[in-house]
Amino acid sequence: VAIIESELVGGECSYYACIPSKGLLRPAQALAEARRVPGAAQAATGSLDVGAVLAMRDELIHGLSDSAQLPWLQRHGVELVRGRARLDGERRVRVDGDVLEARTAVVIATGSAPAVPPIPGLAEAKPWTNREATTSEHVPARLIVLGGGAVGCEMSQAYASLGSKVTLIEAEQRLLIQEEEFAGRQLEDAMAALGVEVRLGAQAEQVERSEGVVRVTLEDGGSVEGEELLVATGRHPRSKDLGLETVGLEPGRTIEVDDAYRVPGRSWLYAIGDVNGISALTHMGKYQAHVASQAILGRLSSSAPAPVASVVFTEPQVASVGKTLAAAVAAGLSNVRAYDVPISSTAGSRYYGRDAPGASRIVVDEDRGVIVGATFLGVDVAEWLQAATIAIVGEVSIEDLWQAVPAFPTRSEVWLRLLEAREAERRDPARAPGATNP
Ligand SMILES: Cc1cc2nc3c(=O)[nH]c(=O)nc-3n(C[C@H](O)[C@H](O)[C@H](O)COP(=O)(O)OP(=O)(O)OC[C@H]3O[C@@H](n4cnc5c(N)ncnc54)[C@H](O)[C@@H]3O)c2cc1C
C-alpha cells in the first residue's frame, strides 16, 4: 500500500477540525462542570487561562507537524509518497513527475474543503475558514460566525468561552437543522446563556472589510460587525484537480459510489470519506475505509450501510444516531413513535450538578419493536451513543432492552426512563407524558 499526501498525514481532522476544535471547547466545559457541582464550585473561582487553552490546542495538533503519525505508517508497511496526486487513466496515479501503477485498486480519500458562498464581498473580506478558526493564535474581540451547523455552533461556543463577543448568523429558523428540533432549541438557550447572539432566519447579503473591521449586512437591512468572520456554511468535495476526467468522471463533484464505496463501472476505483458526500464525519470515513478494504481483499460479506452516529461537542452536547422522528417518517416508516424524557430524570444526573441541561429521545419503529434513532442532549452524553448504536445495528427488541439493566446510580438509567415512557403510552396513550405521535 502507498499513501500519497500533499499536506499533512492525518488529514483535516487531526490538525484543522475534530482534534483542535475539541481542544478549544473542553477546558471551558470542564470549568462549567466544576462550577455546577457544590463543593467543587467553591474551588473553581478563577477564569479560563486563554494562553494555556491555546497551548493545549497546539500540543494536540503537534504544532502542525505530522511526524507523530509516520511511525504508524511504517509499522503497517505503508509507503508514504509526499506530493499531489492526479489520476492518469485506469489504475495509474501521477505524483508530480512520477507515475504509480496500482495492481489492484486506487482509493480516493481527498476529503472536502470549506464552501464559501457567493455573497458579494465575502471572499475579499478574507474570512476565517475552519483552518484559521482552529489554529488562531489570537482571540478576536468580536467574531461573526456564518452558519449554525455543527462547526458554527462549536466554534461559536469555543470563542465565546475564550472571551470573544460572538454573533452567529443562521438562515434557518433553528440551529442544527439536521437534528431533532428540541436539540437546536435547547442549544440556542445555552448559547444565549453564554452571551452568544444567535440570529435565526437571517441571510447575509453583503460583506465588507475596512480598517480591520468586517461588516455583514443582512437581508432585513440590519448589520453585524466584528474583527473576524468565520464561514461555516458547509463543505465541498476536493475532487476538482484529481484527473477524474481521465477515467470518465466529472471533476469538482462528489464521487458517486456503491455500497462497497466502489465507483460504479470502475471495479478498481473507490472513494471514501468526505469526498463521496455520504457523511462528512471522521468515523464514517474510517468505517468506509474498512468496508472498502474488505471489498478490495475480496472479504466483504455484508455491506448494509451503518447508521450514522454523530456528536456536536457543544455544551450541552448533542449526540445522535440513526433517524430523527421526521427522517423516520420521511423514510416511509408508518408506525413510528418518539419517546422523550429529561436527562435529569435519573438519580445519576444529580452528581452532574444543578441546572445541567438535557433531554433524550428514542424513535421506535413500532411495527418491528426496535429503535431506529436516538438523540441525547446534555453534559457529557457523547459516550452514551454507542449503546444506542448497538441497539440499532443489532436490532435489539425493546423487550430485550428491559434485560439490559443499567447500573444504579448511573445516568444510563435514562434507558429505563425511556422504556417506561413507552410502557406508559401503551397503557394509556392519552396520558403518556413522554410520547410523540407523528
Ligand atoms: C471544524 C471541524 C470540526 C470537525 N469535527 C469533527 C468531529 O468532532 N468528529 C467527526 O467525526 N468529524 C468532524 N469533522 C469532520 C471531519 O474533519 C471530516 O469528516 C474528516 O476530516 C474527513 O476525512 P477524509 O479522510 O475524508 O478527508 P481529510 O481529513 O480532508 O483528508 C484528506 C487528505 O487528502 C489530502 N489530499 C487532498 N487532495 C490530494 C491530492 N490531490 N494529492 C495528495 N493528497 C491530497 C489532504 O491534504 C488531506 O490530508 C469536523 C470538521 C470540521 C471542519
Side-chain angles (χ1 to χ4, degrees), residues 2-26 57 60-61 64-66 69 73 80-88 93-96 98 100 106-116 128-136 145 147 149-159 230-244 246 251-252 254-255 257 261 270-290 292 306 308-314 317-321 382 385:
I3 278 189
I4 306 158
E5 174 54 58
S6 59
E7 293 186 66
L8 295 167
V9 172
E12 204 74 13
C13 176
S14 304
Y15 308 97
Y16 305 110
C18 331
I19 299 292
S21 59
K22 269 81 261 180
L24 291 172
L25 284 161
R26 178 71 188 134
R57 182 275 320 273
L60 287 164
I61 61 175
L64 296 180
S65 157
D66 63 6
Q69 310 261 9
L73 289 181
L80 172 63
V81 180
R82 299 246 184 217
R84 264 203 90 70
R86 295 188 96 250
L87 284 168
D88 187 29
V93 180
R94 190 172 283 281
V95 188
D96 303 322
D98 301 328
L100 303 182
V106 174
V107 181
I108 300 177
T110 49
S112 64
V116 179
W128 275 6
T129 67
N130 63 295
R131 290 207 169 184
E132 292 76 19
T134 51
T135 57
S136 177
V145 176
V151 173
C153 288
E154 286 186 357
M155 290 295 90
S156 292
Q157 278 204 345
Y159 276 92
L230 165 64
V231 181
T233 48
R235 315 277 304 172
H236 65 75
R238 273 202 212 102
S239 64
K240 215 168 170 179
D241 190 24
L242 281 187
L244 288 178
T246 69
T254 50
I255 302 176
V257 288
Y261 305 99
Y270 293 74
I272 59 172
D274 284 15
V275 78
N276 65 26
I278 294 174
S279 171
L281 290 163
T282 292
H283 46 280
M284 297 314 289
K286 295 201 295 188
Y287 160 75
Q288 295 171 10
H290 170 73
V308 177
S310 94
V311 177
V312 183
F313 288 83
T314 41
Q317 292 177 343
V318 180
S320 65
V321 57
L385 206 52

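Since this is a predicted model, take the numbers as computed values, not measurements. Atoms within a ligand are numbered from 1 in the order they appear, just like the ligands themselves.
Proximity to Gly273 (heavy-atom distance under 4.0 Å) selects the following atoms of ligand 1: 26 (O). Each of the atoms 30 (O), 32 (C), 46 (C) of ligand 1 lies under 4.0 Å from some heavy atom of Arg238. Interface atoms of ligand 1 facing Leu242, defined by a heavy-atom separation under 4.0 Å, are 41 (N). Atoms of ligand 1 found under 4.0 Å from any heavy atom of Gly83, numbered from 1 in the order shown, are 42 (N), 43 (C). The distance from ligand 1 to the heavy atoms of Ser21 drops below 4.0 Å at these ligand atoms: 3 (C). Each of the following atoms of ligand 1 lies closer than 4.0 Å to a heavy atom of Leu281: 10 (C), 11 (O), 12 (N), 19 (O). Annotation for ligand 1: atoms under 4.0 Å from non-hydrogen atoms of His283 are 11 (O). Within ligand 1, counting atoms from 1 as listed, the ones closer than 4.0 Å to a heavy atom of Arg84 are 41 (N), 42 (N).
In terms of N/O distances under 3.5 Å, ligand 1 is not approached by Ile272. Backbone and side-chain nitrogen or oxygen atoms of Ala85 are examined, and one is located within less than 3.5 angstrom of a nitrogen or oxygen of ligand 1. Geometrically, ligand 1 and Asn130 share no nitrogen or oxygen pair separated by less than 3.5 Å.
Neither the backbone nor the side chain of Met284 comes within contact range of ligand 1; no heavy atom lies under 4.0 Å. Both the backbone and the side chain of Thr110 come within 4.0 Å of ligand 1, counting heavy atoms alone. Contacts between Leu8 and ligand 1, counted as non-hydrogen atom pairs separated by less than 4.0 Å, involve the backbone only.
The side-chain heavy atoms of Glu7 and Glu12, taken from C-beta on, include no pair separated by under 4.5 Å. Looking at heavy atoms from C-beta onward, Val151 lies out of side-chain contact with Arg235 at the 4.5 angstrom threshold. Side-chain contact between Leu64 and Tyr16 is present, with heavy atoms from C-beta onward closer than 4.5 Å.
Considering only non-hydrogen atoms, atom 49 (O) of ligand 1 lies nearest to Glu5 out of Glu154, Glu5, Glu7. Of the options Ala158, Ala109, Ser14, Gly111, the smallest heavy-atom separation from atom 34 (O) of ligand 1 is shown by Ala109. Closest heavy-atom approach to atom 17 (O) of ligand 1 among the candidates Pro114, Gly11, Ala17, Gly234: Ala17. Closest heavy-atom approach to atom 6 (C) of ligand 1 among the candidates Gly285, Gly149, Cys18: Cys18.
Side-chain N or O atoms of Thr254 include none that pairs as donor or acceptor with a backbone N or O of Ile278 at under 3.5 Å. Asn276 places a side-chain N or O within donor-acceptor distance of the main-chain N or O of Ala271, the cut-off being under 3.5 Å. Between the side chain of Tyr159 and the backbone N or O of Ala133 there is at least one donor-acceptor pair closer than 3.5 Å. Listed for the Ser6 side chain is no donor-acceptor partner under 3.5 Å among the backbone atoms of Arg84. Within the 3.5 Å criterion, the main-chain N or O of Val9 finds a donor-acceptor partner in the side chain of Asp66. Between the Gln317 side chain and the Ala382 main chain, a donor and an acceptor come within less than 3.5 Å of each other. Listed for the Arg238 side chain is a donor-acceptor partner under 3.5 Å among the backbone atoms of Ser112.
Taking 4.0 Å as the cut-off, Ala280 counts as a neighbour of ligand 1 on heavy-atom distance. Contact annotation: Arg235 has at least one heavy atom less than 4.0 Å from an atom of ligand 1. Not a single heavy atom of Arg86 sits closer than 4.0 Å to an atom of ligand 1. At least one heavy atom of Ile4 lies less than 4.0 angstrom from ligand 1.
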### Message
Before you tell me yes or no, could you show the steps for Lys22 and Leu60 under side chain to side chain contact (heavy atoms under 4.5 Å, CB included), namely the whole-Å CA-CA distance, both residues' side-chain angles and the distance that decides it to 0.1 Å?
### Response
CA-CA 10 Å; Lys22 269 81 261 180; Leu60 287 164; over 6 Å; no

#### Entry: side chain to side chain contact (heavy atoms under 4.5 Å, CB included) between Leu80 and Arg82, worked out
CA-CA 6 Å; Leu80 172 63; Arg82 299 246 184 217; 3.8 Å; yes

### Task
Could you walk me through whether Val257 and Tyr270 pass side chain to side chain contact (heavy atoms under 4.5 Å, CB included), step by step?
CA-CA 7 Å; Val257 288; Tyr270 293 74; over 6 Å; no

### Candidate pair Leu87 and Ile108, rule side chain to side chain contact (heavy atoms under 4.5 Å, CB included), full reasoning
CA-CA 10 Å; Leu87 284 168; Ile108 300 177; 4.0 Å; yes

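Counting only heavy atoms of the protein, atom 23 (O) of ligand 1 lies nearest to Asp274 OD1, 4.3 Å. Taking atom 36 (N) of ligand 1 as the reference point, the nearest protein heavy-atom neighbour is Ser6 OG, 3.8 Å. What sits closest to atom 8 (O) of ligand 1 on the protein, heavy atoms only, is Lys22 NZ, 2.7 Å. Distance from atom 10 (C) of ligand 1 to its nearest protein heavy atom, with residue and atom name: Thr282 N, 3.5 Å. Looking only at heavy atoms of the protein, atom 28 (P) of ligand 1 is closest to Glu12 N, 3.7 Å.
Pairing each heavy atom of Val116 with each of Val231, the nearest pair is CA-CG1, 4.3 Å. Across every non-hydrogen atom of Pro20 and Ser14, the tightest pair is CD-O, 4.0 Å.
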